[in-house]
A.B. asks: 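A single structure is presented below for examination.
Residue numbers start from 1 in every chain, and the chains themselves are labelled A, B, ... in the order their sequence lines are given, proteins ahead of strands. These numbers come from the heavy atoms of this one structure, side chains and all, not from hydrogens, waters or symmetry mates.
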Amino acid sequence: MWKEIGDRQSGKLRPSSFITRIRSNRVSSLQLSNHKEIVSPHRGSINSLQVDLTEGRYLLSGAADASLAIYDIQRATDQEGGGLIAKHKPILHVDKQHQNGHKYAISTAIWYPVDTGLFVTGSYDHHINVWDTNSSQVVMDFKMPGKVHRTAMSALATSHMLIAAATEDVQVRLCDMASGAFSHTLSGHRDGVMAVEWSTCSEWVLMTGGCDGAIRFWDIRRAGCFAVLDQSHSQLGRRPPVLERSTTKVSTSKSSSPGQPSSSRSRPPPKKATSGSGGRVLRQAKGSAKQRLHPGLLSSQDRATAHYGAVIALKPTEDGMYLLSAGSDSRLRLWDIQSGCNTLVHFEIVRLQSNKAIQLAVTQDSALVFVPCMTSVKAFDVWSGKTSTTLQGHYEHVNCCWYNPHDQELFTGGNDRQILIWSPPKFISQDVDDEDNWSD
Amino acid sequence: MSTYNYVVTAHKPTNVTHSCVGNFTGPQELNLIIAKCTRIEIHLLTPQGLQPMLDVPIYGRIATLELFRPHGETQDLLFIATERYKFCVLQWDAEANEVITRAMGDVSDRIGRPTDNGQIGIIDPDCRLIGLHLYDGLFKVIPFDNKGQLKEAFNIRLEELQVLDIKFLYGCPKPTIVVLYQDNKDARHVKTYEVSLKDKDFVEGPWSQNNLDNGADLLIPVPPPFCGVLIIGEETIVYCSASAFKAIPIRPSITRAYGRVDADGSRYLLGDHSGLLHLLVIAHEKEKVTGLKIELLGETSIASTISYLDNAFVYVGSSYGDSQLVKLNLQPDTKGSYVEVLERYVNLGPIVDFCVVDLERQGQGQVVTCSGAYKDGSLRIVRNGIGINEQASVELQGIKGMWSLRSATDDIYDTFLVVSFISETRILAMNLEDELEETEIEGFCSQVQTLFCHDAIHNQLVQVTSSSVRLVSSSSGELRNEWHAPSDYSINVATANATQVLLATRGGHLVYLEIGDGVLEEKKHAELKYDISCLDINPIGDNPNYSNLAAVGMWTDISVKIFSLPDLNLITEEQLGGEIIPRSVLLCAFEGIPYLLCALGDGHLLNFLLNTSTGELTDRKKVSLGTQPITLRTFSSKSTTHVFAASDRPTVIYSSNKKLLYSNVNLKEVSHMCPFNSAAFPDSLAIAKEGELTIGTIDDIQKLHIRSIPLGEHARRICHQEQSRTFAICSLKYNQSSTEDAEMHFIRLLDDQTFDFISTYSLDQFEYGCSILNCSFSDDNNAYYCVGTAYVMPEENEPTKGRILVFMVEDGKLQLVAEKETKGAVYSLNAFNGKLLAAINQKIQLYKWMLRDDGTRELQSECGHHGHILALYVQTRGDFIVVGDLMKSISLLIYKHEEGAIEERARDYNANWMSAVEILDDDIYLGAENNFNLFTVRKNSEGATDEERGRLEVVGEYHLGEFVNRFQHGSLVMRLPDSDVGKIPTIIFGTVNGVIGVIASLPQDQYVFMERLQTNLRKVIKGVGGLSHEQWRSFYSEKKTVDSRNFLDGDLIESFLDLGRSRMEEIAKSMSVSVEELMKRVEELTRLH
């Protein structure tokens, strides 16, 4: 650490690389936090976790007992162990008794991306509620045609305030907070929709994953979906392979220069890439017979699947280039968003929960993905699929995780009603005794 | 309140990041273009050396600087891309002598993550396209059309995410890039791609090469006839093309820069991390490459860029030491080096730490920086103003005037120094022993005060006293002629040059005399309305002995009049306004431009442009130099004429770029000055000050003076101890002989005058000096140096052990008096309430200084505070502690005396990765962060809720574009307590690029005024390449971009003074104030640095 700080000071290490390096060092050492705890008031399994996107300060949790809570994760409510362990009790807690509370399990709870004055919850009681944080009152609600699985709002949006809702229904609805009505109904899935995410590089692009195993991309300015991901569509062989001319090793030197980052991202096998819109490429692949159809209708006939079984989670990487999906087939897939190709990275997952939507988390530099795998959370290297760490701590199934890039902390919630914090270890020097040695 | 801040550069960036050579300013002119992070300099190669042509700021941090020549152009264009994804193409306008923008644009994308290894910008050698690698996984292409215009850009997916370098290959039918990348097993490979502009995609290229040197990270494309690419590794260099593969081993080194010598690409200069310069030669038979050869040429500064100029002249730009102009000789010198350093260009970067001291105890701060890195590490003493190097001095009270005289008209040296007192005149002269001794000139009247003296033609001297004008032979000293003033009309003021005398008597009479051979002839007489306060007939025309104009300052009506000579006709009259009479007028020419300077009795100076034929005065400007009456005198230094303004704040007035500049002289108070160029004291000045006559030489006339103390090792921390008059530094020395990464760390004690090492304390193996402090403790009068260290073990991610060492200076030696082990790195040390406050990893720990039973002292921990990721930067004020965290912005702690505890009071919840913090005042704290931004936060003690009180509110945001390593309270200039500017608190900062800057907290009304000026200036002054100033200064981080607020860009505001009169008037009009008022207020601000 000191070396990096010194190198940054003398201009040897670029400030941006400094951040990347320290972040990746810290995230690779995640462990159950030895200095921070969350006191969960929930009496049901935790289904959803999110830290606000503006300050990285308030954690919102939604649980199966229809309760929701907000915690200040920066400022502890109590200290324990001589100030070494910070306890975070909820600063807001709403349960069934609340006049506007949900009746059944809360499946999703998300912050309004612009500020922490509002948040949105979705429940199995078919309702999506918009809450005013300060008054803890519901200011708007949307009646959905079935159980709500997931909701999503675009963090980039400057020209709309849409809540995308994935429900039991085959249609994805966009709830407009500005008008209080549904602005869009997106048809294409043949079964309920479990996962919904907005693109991280365009405020108009929505990605949904259904129980039909399909992942669909929508541009909400146009009719219909513009791409359907196909697990068999990989990028092998797009650019002719290199002549295997020079495989002789030029140098066997083992020196590693101090200027070179020692950690490196490993990459998936060569992939296809394209600069055009992904939709066009897919349509071309479909053959000429369908090209006469309206582009919006075209995709509705596309029965390609991304997973065998339901798509239970989606998570785009922060750079907007890749999408991770989890299926009830216990597979995690990495997709190249622009081309819609399956990158064929094999993630070493043994088993995933198959009956409900889960929540994945990705680090800021897309190096690691955190996946709830039954009672543990596994961190996989995104590019190689290898397990980086397994976080064991929950007693029952884990449902959701949220990565807070500000502090390189991971929050996980599970059926054991606990919210656990995983953080880089703090070297807590045992100098408590040292502080009080008045004599000698 | 220090909410309103004004940021200005006192020393521009000097870290050379890029350079290139080409025909930019003309088809036949060879230019060197240098980028210094946020500035570009254009130089012209002349037989005399590098001649600067242009030095302009760029509103961005330069990421790419490339010259290229589209088809059909006769000279090169300059492509610049900035780190904030702006680019521009510049062209030289030979008529206006300035750069014009050919094209500009934004190449940012929503998609993708910014590259980790830095941005790459390259131009196809056949000018078909510009390639940019700005985001991982994307290669942006800006194609050229047939006319050399840029077309719309597009992205191509690049599979290799871990890209180390990309270059265009020469001699390819289609634009082809070669990519050096690292795979997931840390192996390095190169690959080629053809860019298909039609498909907007890559096509697999002609060849590739796998498994290169693990340290390969530089590609050099080889031009025709060989083509192909050189891959520079740490242990091998490889030449690779479709048909050939040649490799040679090299001594392990990291090559940082290269420069191509020949146009055919057969020889290259390589500069490595230890400053060694090698020549790489491609051996060939006709057009077939047969091998590589490498030869060591010698040592330079550690190069960041190398440009081969011409005829074996090479420019070596450096980030870690001074940049150099070197010549490569054919024969080695005695040390076996082929490199001859011809010129060094000062580089202060990286300024890792600095301290502000007043070594001369004159009330003026000097900055001593830890500059440079590795072998080029040094201390630099940076001082504002011009120093006088005292050669001799005598005690003499009550000097009323001084003049130097020569013993013959054509003598080059001055012989006599005439010193006038209230009732006598003494003459000093150089005797044979080169000593100054009192002598006599027979014809001079020495019983009265002398009003003026001058050399005259025909080996004569002129003395003016209150009753007469005496003409004396300079060789024999006899009186040759005398002109008597009429009785009752004693002479008040007088002036003269070699052929003319002008004097004024009581009652407003002006008398003009001309000097002949032994003759004084009264030519003209005029009677004015009021008494005359000052006169000048300094020749500024073609004849150095004769003036056509006379300047006269008046009592009563407070005016300056210009008379023609010899007929004494009034041709111009300028009312000065106010009630302060002019005390000294001077006609002089700077850089060929004639000026009239007029100094007032209250320390103000007016200057006018003077039309020598019509006598017309224009462009009136007023500045304040001091508070006492000013006496103006010309002198010359390095054959340029300057003006010395003697007052309570002596100032040298000089001209640069046809603009008058004022630089203060580092003397307290000077009543009179005259140049005294004697054989023993060449180019000296005689200065009368506070009962003393001093003879001394003057420094080079420039604003900032920098003295270098090369250390040969890298100083990381510095502090000064007044009591022992020493500096202490933490430094490290790289051991180059062994292959291991051996570093040795020291605490060194330096004398604060000679800067010699006087004592050294070696730290343990793996132990680094992290912080240093000069402090004293309560109940102990001694001054101590406290040093915080860390044991940096190779296997540990974060240090878990460190020490606090307490030293005392005894007999010029560092004596360790106490030592305390810590559980981590001691990132910061502060004196705090007579105790020692240390930041140790994530903890703030307070130690008290305890007396043990045996009389020795020890540090004992009192209390601490957890709750930071890493507490890197700490400042204290009273009981308050301000902590800059590694990644969690600023937090405010308070020490509670009664409880003996430290508690958190408030915090900024933004995710700023800090690089420095400082306390501006009780409520406002200043921070610098990782993305080159500055921000201020305010403590909100009046908040209604705990939540509000617990939050530091961000009140100011600004993009500095510089990485700040250190803030310090202090000032580079002499602060006069009674002036307005003297009351403005200032902070100095030092950056990686060698910038020394000043942040001044302005009063609100002044801030509001200056903000209006800044807004107006933005409209008038356009950024180079069309880059927007407003965007450049907006706070910019990973998460957000917001407009700057509560910070002003002093560099922009002060460029107001460089504008032409018409543009000044335009701005003044839109602000509805007068140009004079605006100039006065801006000039006041320039005195802050």
A.B. asks: Return the minimal non-hydrogen interatomic distance between B:P350 and A:S10, and the atom names on each side.
C.D. replies: CG-O, 3.4 Å
A.B. asks: Rounded to the nearest 0.5 Å, how far apart are CG of B:N910 and CZ of A:R57?
C.D. replies: 11.0 Å
A.B. asks: Looking at every heavy atom in both B:K1039 and A:T54, which two are closest together, and how far apart are they?
C.D. replies: NZ-O, 2.8 Å
A.B. asks: Taking all non-hydrogen atoms of both residues into account, name the closest pair between B:V352 and A:Q9 and its distance.
C.D. replies: CG1-OE1, 3.2 Å
A.B. asks: With heavy-atom distances below 4.5 Å as the criterion, would you say the side chains of A:R75 and B:E904 are in contact?
C.D. replies: yes
A.B. asks: Main chain of A:D365, side chain of B:R113: is a donor-acceptor contact present, judged purely on distance under 3.5 Å?
C.D. replies: yes
A.B. asks: Which distance, rounded to the nearest 0.5 Å, do you find between the CH2 of A:W2 and the CG of B:L872?
C.D. replies: 8.5 Å
A.B. asks: Out of A:L53, A:T200, A:N25, A:D72, return the one with the most heavy atom pairs under 4.5 angstrom to chain B.
C.D. replies: A:N25
A.B. asks: Need one label for A:E318: side chain, backbone, both or neither, based on atoms under 4.5 Å from any heavy atom in chain B.
C.D. replies: neither
A.B. asks: Heavy atoms only: give me the nearest B:F963-A:P15 pair and the separation to one decimal.
C.D. replies: CD1-CG, 3.7 Å
A.B. asks: In terms of heavy-atom pairs under 4.5 Å with chain A, which of B:H189, B:E796, B:R951, B:K1040 leads?
C.D. replies: B:R951
A.B. asks: Given side chains that start at C-beta, do those of A:D319 and B:I111 come closer than 4.5 Å, heavy atoms only?
C.D. replies: no
A.B. asks: With heavy-atom distances below 4.5 Å as the criterion, would you say the side chains of A:Q408 and B:M887 are in contact?
C.D. replies: yes
A.B. asks: Assess whether a salt bridge exists between A:R8 and B:E929, defined as any Lys/Arg side-chain N lying under 4.0 Å from an Asp/Glu carboxylate O.
C.D. replies: no
A.B. asks: Can you tell me how far apart CD1 (A:I5) and CG (B:L870) are? Round to the nearest 0.5 Å.
C.D. replies: 5.5 Å
A.B. asks: Pick from B:C770, B:P249, B:P114, B:G349: which one has the most heavy-atom pairs with chain A under 4.5 Å?
C.D. replies: B:C770
A.B. asks: I need the B:L886 CG to A:I22 CD1 distance, nearest 0.5 Å.
C.D. replies: 5.0 Å
A.B. asks: Salt bridge check, B:D116 against A:R14: does any charged N sit closer than 4.0 Å to a carboxylate O?
C.D. replies: no
A.B. asks: Are B:N930 and A:F18 packed together at the side-chain level, in the sense that at least one heavy-atom pair is separated by less than 4.5 angstrom?
C.D. replies: yes
A.B. asks: Do the side chains of B:Y909 and A:H406 get nearer than 4.5 Å, heavy atoms only?
C.D. replies: no
A.B. asks: Please determine if B:K888 and A:E55 form a salt bridge, counting it only when a charged side-chain N lies under 4.0 Å from a carboxylate O.
C.D. replies: no
A.B. asks: Quick one: OG on A:S17 to CG on B:N117, what's the gap to the nearest 0.5 Å?
C.D. replies: 6.5 Å
A.B. asks: Within the 4.5 Å heavy-atom criterion, are B:R157 and A:Q338 side-chain neighbours or not?
C.D. replies: yes
A.B. asks: Under a 4.5 Å heavy-atom cutoff, which of A:Q79, A:Q364, A:R23 has the most pairs with chain B?
C.D. replies: A:R23
A.B. asks: Checking B:Y320 against A:K12: is there a side-chain donor and acceptor pair closer than 3.5 Å?
C.D. replies: no
A.B. asks: Is chain A contacted by the side chain of B:C370, its backbone, both, or neither, given a heavy-atom distance below 4.5 Å?
C.D. replies: neither
A.B. asks: Give, as side chain, backbone, both or neither, the part of A:T317 having an atom under 4.5 angstrom from any heavy atom of chain B.
C.D. replies: neither
A.B. asks: Might you confirm whether atom NZ of A:K386 has over 12 heavy atoms from other residues, nucleotides or ligands at distances under 6.0 Å?
C.D. replies: no
A.B. asks: Starting at CD1 of A:I19, measure out to OG of B:S1037 and round the result to the nearest 0.5 Å.
C.D. replies: 9.0 Å
